[in-house]
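Okay, here's the structure, questions in a sec.
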Amino acid sequence: MAASKLPFVSVNVAITADGKLAPDTRHFIPFSTKRDRDLMMELRSEADAVMSGATTVADGEVDLSPGGQRYQQKRIKRGLREYNLRVILSGSASISPKAYIFGTHFAPLVLLTTEAAPEERLQKLRKVADDIFVSKGRNLDVVAALEWLHAKWKVKRLLCEGGGEVNGALFEAGVVDEIFVTICPVVFGGRHAPTLADGDGIERLTGALPLKLKRMEQIDQELYCVYRVLKESRGRT
Ligand SMILES: NC(=O)c1ccc[n+]([C@@H]2O[C@H](COP(=O)([O-])OP(=O)(O)OC[C@H]3O[C@@H](n4cnc5c(N)ncnc54)[C@H](OP(=O)(O)O)[C@@H]3O)[C@@H](O)[C@H]2O)c1
């Protein structure tokens, strides 16, 4: 049987010194510097698709865009489409069709969802999304969804920008290849605040995902770390 094809998957987040992505409220608070936001745009300019979860996308004016002419030019020079594909994961289709992102039309928007999504919600989302992948089960079949993105939308590089639940799902599925994490000099606390990877997590150290630190740079008060995941992602050829 021919091997399936998965995109190369990067995760990029900014975390507080206590490992949070946001406060308990799960409302976005910008806490990293402009340099970190420039890194986010730089990474987007290398990706065929940028993905986030329903909670992240629903909160404010998130559009997953390439970030303006300068980055669009970089994309073209790299042989990529001028605009990245935009991907939203919403397993129960909880995201509102009135979310800000659906009012922006510069690049295709794809929704990844599951059989648990009520048909009524899906019908409304079909009108605002360019394509929808419906996975078996209540939790997204991450591998099947990534294979679909690769085959149908030609996604060879996927950048995931959180939040913690979506990142956790990708880690659990074993599809993450590298992690960009910017550690910022603040503490949020909050026992229910999202972290770099949420979801069920592990029980024993043997279940931990081993990483190799590829680069680390301190710029002013922020630490920029790049990790490679020390295992073969399933199915990539
Ligand atoms: N600091 C940073 O770099 C950064 C980056 C991104 C986000 N954030 C912050 O993080 C917070 C959001 O993170 P979050 O963890 O609460 O939410 P999230 O990961 O953005 O979205 C969670 C939603 O995604 C869907 N989902 C996630 N995993 C799934 C799976 N395995 N199967 C099916 N659906 C799945 C579900 O949608 P349904 O509800 O539709 O089922 C779930 O409710 C926000 O405050 C945001 O501002 C910070």
Side-chain angles (χ1 to χ4, degrees), residues 9-33 35-41 43-44 50-64 86-97 99-102 110-118 120-122 124-125 129 132-146 148 159-176 179-188 190-201 222-225:
V9 178
S10 306
V11 166
N12 177 43
V13 288
I15 62 169
T16 62
D18 57 331
K20 313 294 189 194
L21 296 182
D24 256 359
T25 61
R26 287 173 198 255
H27 288 309
F28 175 66
I29 295 183
F31 59 90
S32 65
T33 60
R35 193 193 182 281
D36 176 60
R37 291 194 296 279
D38 288 346
L39 169 67
M40 178 175 88
M41 292 308 177
L43 293 175
R44 282 186 187 181
V50 178
M51 175 165 92
S52 269
T55 309
T56 299
V57 172
D59 187 28
E61 298 191 354
V62 174
D63 66 7
L64 305 179
R86 302 175 295 163
V87 181
I88 304 168
L89 171 51
S90 185
S92 63
S94 69
I95 187 144
S96 165
Y100 175 84
I101 198 165
F102 292 119
V110 165
L111 183 74
L112 307 180
T113 189
T114 70
E115 289 173 338
E120 194 186 329
R121 280 194 212 153
L122 280 184
K124 290 182 184 151
L125 287 164
I132 300 189
F133 174 85
V134 183
S135 150
K136 291 204 171 100
R138 298 192 73 78
N139 287 323
L140 184 80
D141 181 335
V142 172
V143 171
L146 265 53
W148 177 82
L159 175 65
C160 180
E161 296 185 350
E165 289 296 333
V166 170
N167 292 346
L170 297 190
F171 285 119
E172 277 164 31
V175 298
V176 178
I179 308 170
F180 292 79
V181 53
T182 304
I183 306 172
C184 304
V186 284
V187 169
F188 281 179
R191 65 178 55 83
H192 302 297
T195 71
L196 192 155
D198 294 325
D200 292 335
E222 288 178 329
L223 271 183
Y224 290 82
C225 305

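Whatever order the structure lists ligands and atoms in, that order sets their numbers, starting from 1. Because the structure is a prediction, the values reported are computed rather than measured.
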Inset, instruction - Could you tell me which atoms of ligand 1, counted from 1 in the order shown, lie closer than 4.0 angstrom to a heavy atom of V13? - result: 3 (O)
Inset, instruction - Specify the protein heavy atom at minimum distance from atom 40 (O) of ligand 1: its residue, its atom name, and the distance to 0.1 Å. - result: S90 OG, 2.6 Å
Legend entry - Polar contact flag for R26 and ligand 1 (N/O pairs, less than 3.5 Å): yes
Inset, instruction - Go through the steps to decide whether E222 and T33 satisfy the test side chain to side chain donor-acceptor pair (under 3.5 Å), and finish with yes or no. - result: CA-CA 8 Å; E222 288 178 329; T33 60; 2.6 Å; yes
Inset, instruction - May I ask whether atom 42 (C) of ligand 1 is less than 4.0 Å from at least one protein heavy atom? - result: no
Legend entry - Given V13, L64, N167, the one that forms side-chain contact (heavy atoms from CB on, under 4.5 Å) with E161: L64
Legend entry - E120 atom CD, over 12 foreign heavy atoms within 6.0 Å: no
Inset, instruction - Report yes if N12 has an N/O atom closer than 3.5 Å to an N/O atom of ligand 1; otherwise report no. - result: no
Legend entry - Which of the ligand 1 atoms, numbered from 1, are nearer than 4.0 Å to a heavy atom of A54: 21 (O), 23 (C), 24 (O), 37 (O)
Inset, instruction - Provide the number and element of each atom of ligand 1 under 4.0 Å from a heavy atom of A22. - result: 9 (C), 45 (O)
Inset, instruction - Please name the residue in the list N12, T182, L159 that meets the side-chain contact (heavy atoms from CB on, under 4.5 Å) test with M40. - result: N12
Inset, instruction - For ligand 1, find out whether one of its N or O atoms is nearer than 3.5 Å to an N or O atom of E161. - result: no
Legend entry - Minimum-distance protein heavy atom relative to atom 15 (O) of ligand 1: E165 N, 2.8 Å
Legend entry - CA sep, side-chain torsions, deciding dist, call: D59, H27, side chain to side chain donor-acceptor pair (under 3.5 Å): CA-CA 6 Å; D59 187 28; H27 288 309; 3.2 Å; yes
Inset, instruction - Ignoring hydrogens, just give me the one of A169, A173, P194 whose non-hydrogen atom is nearest atom 31 (N) of ligand 1. - result: A169
Legend entry - Nitrogen or oxygen atoms of A14 and ligand 1 under 3.5 Å apart: yes
Inset, instruction - Could you tell me which atoms of ligand 1, counted from 1 in the order shown, lie closer than 4.0 angstrom to a heavy atom of F28? - result: 47 (O)
Inset, instruction - Would you check whether R138 has a nitrogen or oxygen atom less than 3.5 angstrom from a nitrogen or oxygen atom of ligand 1? - result: no
Legend entry - Sub-3.5 Å N/O-N/O distance, F31 and ligand 1: no
Legend entry - Under 3.5 Å: donor-acceptor pair, side chain of T195, backbone of A197: yes
Legend entry - For atom 48 (C) of ligand 1, the option (of L21, V142, T56) bearing the nearest heavy atom: L21
Inset, instruction - Could you tell me which atoms of ligand 1, counted from 1 in the order shown, lie closer than 4.0 angstrom to a heavy atom of N139? - result: 32 (N)
Inset, instruction - Give the atoms of ligand 1, by number and element, whose distance to some non-hydrogen atom of A93 is under 4.0 Å. - result: 40 (O)
Legend entry - Taking atom 22 (C) of ligand 1 as the reference point, the nearest protein heavy atom with its distance: T55 OG1, 3.4 Å
Legend entry - Residue part near ligand 1, for S94, under 4.0 Å between non-hydrogen atoms: both
Inset, instruction - Return yes when atom CZ of R35 has more than 12 non-hydrogen atoms of other residues, nucleotides or ligands closer than 6.0 Å, and no otherwise. - result: yes
